[in-house]
Amino acid sequence: MKECNATRRPQMSFLKMDMTQMEFPDASFQVVLDKGTLDAVLTDEEEKTLQQVDRMLAEVGRVLQVGGRYLCISLAQAHILKKAVGHFSREGWMVRVHQVANSQDQVLEAEPQFSLPVFAFIMTKFRPVPGSALQIFELCAQEQRKPVRLESAERLAEAVQERQQYAWLCSQLRRKARLGSVSLDLCDGDTGEPRYTLHVVDSPTVKPSRDNHFAIFIIPQGRETEWLFGMDEGRKQLAASAGFRRLITVALHRGQQYESMDHIQAELSARVMELAPAGMPTQQQVPFLSVGGDIGVRTVQHQDCSPLSGDYVIEDVQGDDKRYFRRLIFLSNRNVVQSEARLLKDVSHKAQKKRKKDRKKQRPADAEDLPAAPGQSIDKSYLCCEHHKAMIAGLALLRNPELLLARPCYDVIMFDVDSKDPTLGMSCPPPAFVEQSFLQKVKSILTPEGVFILNLVCRDLGLKDSVLAGLKAVFPLLYVRRIEGEVNEILFCQLHPEQKLATPELLETAQALERTLRKPGRGWDDTYVLSDMLKTVKIV
């Protein structure tokens with residue numbers, strides 16, 4: 001080494017000594033640089049090995065000045081990180097872990113040479129303070145502008161492991177396609193909070209060409225719950241229609257601020273390239289796609305915590321038809337809309353004055369582009385779910401829809417209640433709602449010609465057969481209407497088999513029901529037709 005550096009570094013000394021018993025005086029250096037030595041020595045957690053590492057790290061602390069740094073380059077295997085962080089935090093040092101950034105050329109290699117990320121441990125020696133229990137843990141990932149403070153050594157280890165898992169995933173995606181369902185969160189570099197959720201979708205049937213290797217699809221805010229974006233099958237359909245070998249869908253998190261589509265593209269460009277498929281040209285331009293070219297609108301109106309369902313949020317979002325919807329979301333299942341109402345278009349004071357001025361023309365104010373506002377009225381005729389529309393269509397089984405509006409009896413009983421027990425194979429309704437004793441009570445308050453309508457969501461086929469058998473024991477006439485693309489099944493239950501309606505007759509009664517409900521002065525959602533909801537109804 002002396003010969004190799006004699007010309008370029010004549011003042012540099014190369015000394016050979018025992019790292020567990022160095023010959024330097026105390027506080028000799030401001031920096032100790034370790035390039036892989038700790039990894040080479042700490043090969044296992046045997047007592048002899050740990051004792052040797054303790055002596056090595058104690059020597060590092062002895063020869064460093066207060067304020068000096070031990071900079072260790074490591075792969076940060078779990079046992080190595082645990083030992084280094086534990087040792088120096090107990091000594092009262094500040095512990096910071098940096099992930100070493102890859103170059104862009106390494107990111108785009110068709111066959112990456114090494115899939116594990118490299119880390120730099122930076123341990124800063126503080127002057128001992130008697131009685132102080134202060135411990136400082138920080139992580140600085142390669143895309144972060146400043147370190148993130150973590151509350152414990154355990155949380156630091158978890159964060160490092162997350163970076164390692166992400167690097168491994170990127171290497172796998174780089175080497176091969178069709179890894180199955182792959183999703184990951186990208187977090188805010190300053191706060192560590194999730195900012196983007198990415199789903200990687202490969203389409204092996206797409207014929208490769210120069211321009212169809214890879215694309216990014218930005219889901220507008222508020223639309224991540226739609227089937228096309230929120231379900232695996234929907235995303236596969238989206239990817240196939242887009243015509244790319246690999247499509248990454250990007251959902252934007254509530255609670256985060258996004259300036260524009262251009263800003264999101266700039267923020268994601270470097271990161272998503274790590275997820276590109278093998279064989280993509282290094283200079284290939286990656287297209288960013290979306291619906292309508294904007295990032296959507298989401299306004300949180302209220303958020304709180306329920307003792308039954310946990311954290312929840314009520315938010316206004318803009319749909320693809322520019323109408324606004326108010327939604328209830330339980331954050332434990334943030335891609336599922338628990339309840340949704342459509343907001344009526346607001347008419348501003350200025351628009352009302354204009355309407356008075358133009359009274360002779362009888363022209364209503366145009367409020368197409370006015371945003372949703374707190375206190376707006378709700379469209380009571382709107383039904384957000386297909387299974388709710390199917391439940392309403394089942395009222396056609398009453399034969400005489402006028403009775404529905406003429407008498408305050410129980411001609412119809414509807415259940416759409418979800419279960420809070422995730423261990424069951426049936427998420428709607430709770431088991432108590434289909435027990436025989438309860439069904440008998442339902443029967444006792446239902447008119448002879450009435451209909452009991454139940455939303456059933458059951459993935460356990462054996463359990464579903466048992467539920468259907470229990471229902472038929474109480475309600476011999478049972479119709480079922482399955483909801484396409486969902487697990488939901490709407491059951492229409494009646495007491496007398498002789499009331500059975502053939503499909504043509506059922507569609508006629510549905511048309512009569514709609515005529516009744518559409519009478520002047522009654523609100524009605526004209527986005528669907530009742531008779532269409534019953535075309536696929538079958539008798540069980």
Heavy-atom side-chain proximity of Arg246 to Val201 below 4.5 angstrom: no
Test item: Lys472 side-chain N/O and Val540 main-chain N/O as donor-acceptor pair under 3.5 Å: yes
Over all atoms of both residues, closest heavy-atom pair of Arg235 and Asp232: NH2-OD1, 2.6 Å
Derivation of the side-chain contact (heavy atoms from CB on, under 4.5 Å) call for Arg327 and Val317: CA-CA 8 Å; Arg327 291 174 175 171; Val317 299; 3.5 Å; yes
Spacing of CG belonging to Leu247 relative to OG belonging to Ser241, to within rounding of 0.5 Å: 8.5 Å
Side chain proximity check, Ile314 to Val300, heavy atoms < 4.5 angstrom: no
Ring geometry between Tyr479 and Phe492 (parallel below 30°, tilted from 30 to 60°, perpendicular above 60°): perpendicular
Trace of the side-chain contact (heavy atoms from CB on, under 4.5 Å) decision for Ile453 with Leu491: CA-CA 6 Å; Ile453 303 175; Leu491 305 177; over 6 Å; no
Which atom of Gly394 lies closest to which atom of Leu534, heavy atoms considered: N-CD2, 4.2 Å
Spacing of Thr249 atom OG1 and Glu224 atom CD [to the nearest 0.5 Å]: 11.0 Å
Polar side chain donor-acceptor pair, Gln301 to Asp316, under 3.5 angstrom: yes
Residue pair Tyr258 / Glu267, side-chain donor-acceptor N/O under 3.5 Å: no
Side-chain touch Phe452/Gln494, heavy atoms, less than 4.5 angstrom: no
Side-chain donor or acceptor of Thr447 paired with backbone N/O of Gly450 under 3.5 Å: yes
Minimum heavy-atom distance Gly470-Leu439, with the two atoms named: O-CD1, 3.9 Å
Contact check, side chains of Val286 and Ser269, non-hydrogen atoms, under 4.5 Å: no
Under 3.5 Å side-chain donor-acceptor pair for Tyr382 and Glu340: yes
Between Ser381 and Asp379, a side-chain donor and acceptor under 3.5 Å: yes
Atom pair CE/CE of Met414 and Met391 - distance to nearest 0.5 Å: 5.5 Å
Val336 side chain near Ile329 side chain, heavy-atom distance below 4.5 Å: no
Closest contact, heavy atoms only, Ser531 versus Leu507: O-CD2, 3.2 Å
Side-chain (Ser466) to main-chain (Gly462) donor-acceptor, under 3.5 angstrom: no
Trp168, CH2 atom: more than 12 neighbouring heavy atoms under 6.0 Å: no
Shortest non-hydrogen contact from Gly425 toward Leu463: C-CD2, 4.3 Å
Spatial distance of atom CD (Glu162) from atom CG (Asp185) [nearest 0.5 Å]: 9.5 Å
Crowding at CZ, Arg459 (>12 non-hydrogen neighbours, <6.0 Å): no
Glu514 side chain near Val529 side chain, heavy-atom distance below 4.5 Å: yes
Between CG on residue Leu186 and OG1 on residue Thr197, distance to nearest 0.5 Å: 8.0 Å
Ring geometry between Tyr312 and Phe330 (parallel below 30°, tilted from 30 to 60°, perpendicular above 60°): perpendicular
Thr509 side-chain N/O to Ala396 backbone N/O, donor-acceptor pair under 3.5 Å: yes
Student check: side-chain heavy atoms of Ser419 and Met426 closer than 4.5 Å: no
Electrostatic pair Glu315-Arg326, nearest N-O below 4.0 angstrom: no
Set of residues satisfying side chain to side chain donor-acceptor pair (under 3.5 Å) with respect to Arg482, sequence neighbours excluded: Glu489
Tyr166 and Glu274: CA distance, side-chain angles, deciding distance, side-chain contact (heavy atoms from CB on, under 4.5 Å) verdict: CA-CA 10 Å; Tyr166 175 74; Glu274 298 174 343; 2.7 Å; yes
Closest non-hydrogen atom pair between Phe438 and Ala432, with its separation: CB-O, 3.5 Å
Side chains of Asp418 and Ser427, donor plus acceptor under 3.5 Å: no
Flag, side chain of Arg481 to backbone of Ile490, donor-acceptor distance under 3.5 Å: no
Would you be so kind as to tabulate the donor-acceptor pairs closer than 3.5 Å made by side chains of residues 212-222, with sequence neighbours excluded?
unit_1 : atom_1 : unit_2 : atom_2 : d
Asn212 : OD1    : Ser209 : N      : 2.7
Asn212 : OD1    : Ser209 : OG     : 3.1
Asn212 : ND2    : Lys207 : O      : 2.8
His213 : ND1    : Arg245 : NH1    : 2.5
His213 : NE2    : Ser209 : O      : 3.2
Gln221 : NE2    : Gly296 : O      : 3.4

CG on Leu456 to NE2 on His387, rounded to 0.5 Å: 11.5 Å
Any side-chain heavy-atom pair of Tyr196 and Arg271 under 4.5 Å: no
Worked check of side-chain contact (heavy atoms from CB on, under 4.5 Å) between Arg195 and Leu252: CA-CA 6 Å; Arg195 182 163 172 80; Leu252 313 181; over 6 Å; no
Whether Ser306 side chain and Leu308 backbone form a donor-acceptor pair below 3.5 Å: yes
